[in-house]
Amino acid sequence: MKLAIAGTYSVGKTLTTMAVSHLVGLPRSSAKTMRELLPISIPGKTLEECTPPELIMLIMRRNQERAVNESHLPDGFVSDGSSLHEWAYGTVRVLVGINPNESVNLDAIEVTEEIGFYGKVLEQMAVPAKQHARATYDSFVHLPIEFPLVQDGHRPVNERFRSLADELMLRTLDELNIPYHTVGGSIPERLQKIIDIYGFKPVVSIDEAIELAQAEYALIDTSSELVRAAG
């Protein structure tokens with residue numbers, strides 16, 4: 001089974017993916033975040049300072065790493081996100097602004113010539129992203145927006161961004177005819193629903209899977225890209 005966990009910012013995607021991996025014994029596949037990629041890509045620059053061309057480069061690096069990681073797991077995996085995520089986030093930035101943190105209260109974003117070109121590039125990047133998703137993932141678990149945005153300085157603090165990205169993801173899954181199941185609730189409730197939907201045989205208990213995932217999640221480096229670059 002090649003399962004992708006879908007969802008936008010602050011829906012618990014990473015923790016859920018880790019817990020599913022421990023619960024059913026599927027290896028976890030993921031890719032570095034853009035903020036993790038920045039120190040090795042554009043040292044000294046924050047994500048908010050990136051230009052549209054630089055964002056495209058970061059999207060390409062993330063998708064490259066994701067595809068390589070997945071290629072090493074031919075017998076199945078559970079993926080934190082998918083090839084559609086970077087493209088979807090990039091596409092929505094055309095609507096809410098390249099830096100969504102600055103456009104929280106704006107209803108309309110001026111589409112400059114640069115942003116217009118960026119949008120056209122993203123339209124073409126959709127082609128391989130969708131082809132990869134259709135060819136690779138057996139199914140998606142969609143985590144709905146249930147919790148407030150975490151204002152941790154690492155994700156766009158913009159509810160419009162979240163809702164638009166979520167809507168685009170679901171429309172794309174429908175377009176590609178990839179099966180998906182929306183799974184909400186607490187982490188234990190999510191895990192039980194995923195077991196029931198896919199008929200997985202747990203290798204540990206739900207409680208143990210969550211405990212292992214929480215310990216793994218606690219090891220994530222949440223320092224800023226500037227701190228990473230300085231280190």
Side-chain angles (χ1 to χ4, degrees), residues 3-17 30-38 47-48 50 52 54-63 65-66 79-111 115-116 118-134 136-137 139-176 178-184 190:
L3 181 66
I5 307 297
T8 185
Y9 291 104
S10 292
V11 296
K13 193 162 66 265
T14 296
L15 184 61
T16 299
T17 303
S30 63
K32 291 184 181 70
T33 66
M34 287 190 178
R35 292 185 189 276
E36 289 175 314
L37 290 171
L38 271 169
L47 187 59
E48 290 74 21
C50 287
E54 289 168 339
L55 286 171
I56 289 171
M57 178 272 293
L58 291 169
I59 290 171
M60 290 176 62
R61 291 199 73 157
R62 253 201 120 184
N63 268 339
E65 181 182 5
R66 187 184 297 283
S79 178
D80 184 349
S82 73
S83 63
L84 298 175
H85 280 72
E86 285 71 45
W87 159 75
Y89 289 160
T91 298
V92 172
R93 286 176 185 269
V94 177
L95 302 175
V96 301
I98 290 298
N99 176 14
N101 290 320
E102 295 178 350
S103 57
V104 173
N105 298 315
L106 298 182
D107 294 324
I109 301 299
E110 179 186 0
V111 180
I115 298 299
Y118 168 80
K120 291 178 182 178
V121 171
L122 264 292
E123 288 177 9
Q124 297 307 308
M125 291 177 70
V127 176
K130 292 178 179 180
Q131 289 174 339
H132 180 89
R134 186 186 285 118
T136 303
Y137 307 113
S139 185
F140 276 67
V141 168
H142 166 247
L143 304 181
I145 298 173
E146 299 179 288
F147 316 114
L149 266 167
V150 177
Q151 299 190 28
D152 58 2
H154 292 273
R155 15 193 161 195
V157 185
N158 187 317
E159 288 293 349
R160 184 164 179 251
F161 183 101
R162 281 215 300 176
S163 61
L164 288 172
D166 199 52
E167 291 165 9
L168 177 58
M169 180 66 63
L170 293 179
R171 286 200 310 272
T172 303
L173 292 176
D174 285 333
E175 171 197 334
L176 299 176
I178 299 177
Y180 69 88
H181 301 272
T182 296
V183 175
R190 291 178 183 180

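This chain uses plain numbering: 1 for the first residue, then up along the sequence. Because only heavy atoms are used, hydrogens play no part in the values below, and waters and symmetry mates are left out as well, while side chains stay in.
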**Fill in**
Residue set satisfying salt bridge (Lys or Arg N to Asp or Glu O under 4.0 Å) with Lys13, at least two apart, ordered chain then number -> none
**Prompt:** Do Tyr118 and Arg93 pass the side chain to side chain contact (heavy atoms under 4.5 Å, CB included) test, and can you show the C-alpha distance, the side-chain angles, and the key distance before you say yes or no?
**Reply:** CA-CA 10 Å; Tyr118 168 80; Arg93 286 176 185 269; 3.9 Å; yes
Keeping [X] on the side-chain end and [Y] on the backbone end, is there a donor-acceptor pair under 3.5 Å?
X      : Y      : answer
His85  : Ser82  : yes
Tyr180 : Asp174 : no
Ser139 : Leu3   : no

Measure the spacing between [atom1] of [X] and [atom2] of [Y] and express it to the nearest 0.5 Å.
X      : Y      : atom1 : atom2 : answer
Leu37  : Arg61  : CG    : CZ    : 6.0 Å
Leu173 : Lys130 : CG    : NZ    : 10.5 Å
Leu55  : Glu86  : CG    : CD    : 12.0 Å
Arg134 : Leu176 : CZ    : CG    : 5.0 Å

**Request:** Show your reasoning for whether side chain to side chain contact (heavy atoms under 4.5 Å, CB included) applies to Leu84 and Met169.
**Result:** CA-CA 7 Å; Leu84 298 175; Met169 180 66 63; 3.9 Å; yes
Write down the atom of [X], the atom of [Y], and the distance for their closest heavy-atom approach.
X      : Y      : value
Ala129 : Ser83  : O-OG, 2.9 Å
Glu36  : Lys32  : OE1-CA, 3.2 Å
Ile178 : Phe140 : CG2-CD1, 3.6 Å
Ala4   : Gly81  : CB-O, 3.7 Å
Pro52  : Ile115 : CG-CD1, 3.9 Å
Phe161 : Tyr9   : CE2-CE1, 3.3 Å

Sub-4.5 Å side-chain heavy-atom contact between [X] and [Y]:
X      : Y     : answer
Arg66  : Ser79 : yes
Thr33  : Leu38 : no
Leu168 : Trp87 : yes

**Asked** In a check of side-chain contact (heavy atoms from CB on, under 4.5 Å) between Val11 and each of Thr16, Asp166, Leu143, which one passes?
**Response** Leu143
**Request:** Identify whether the distance between the nearest side-chain nitrogen and carboxylate oxygen of Glu65 and Arg62 falls below 4.0 Å.
**Result:**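 No.
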**Message:** Let's go through Cys50 and Met57 carefully: what are the C-alpha distance in whole Å and the side-chain angles of both, what is the deciding distance for side chain to side chain contact (heavy atoms under 4.5 Å, CB included) to 0.1 Å, and is it a yes or a no?
**Reply:** CA-CA 10 Å; Cys50 287; Met57 178 272 293; over 6 Å; no
**For Tyr137, all residues meeting side-chain hydrogen bond (donor to acceptor under 3.5 Å, both in side chains), sequence neighbours excluded** = Glu70
**Request:** Taking side-chain hydrogen bond (donor to acceptor under 3.5 Å, both in side chains) as the test, write out the residues that go with Thr14, two or more places apart.
**Result:**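 Asp80.
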**Request:** Carefully, step by step, assess Glu123 and Lys120 under the rule salt bridge (Lys or Arg N to Asp or Glu O under 4.0 Å).
**Result:** CA-CA 5 Å; Glu123 288 177 9; Lys120 291 178 182 178; over 6 Å; no
**Prompt:** Which is it for Ile56 and Met125 under the side chain to side chain contact (heavy atoms under 4.5 Å, CB included) test, yes or no, and what are the steps along the way?
**Reply:** CA-CA 9 Å; Ile56 289 171; Met125 291 177 70; 3.9 Å; yes
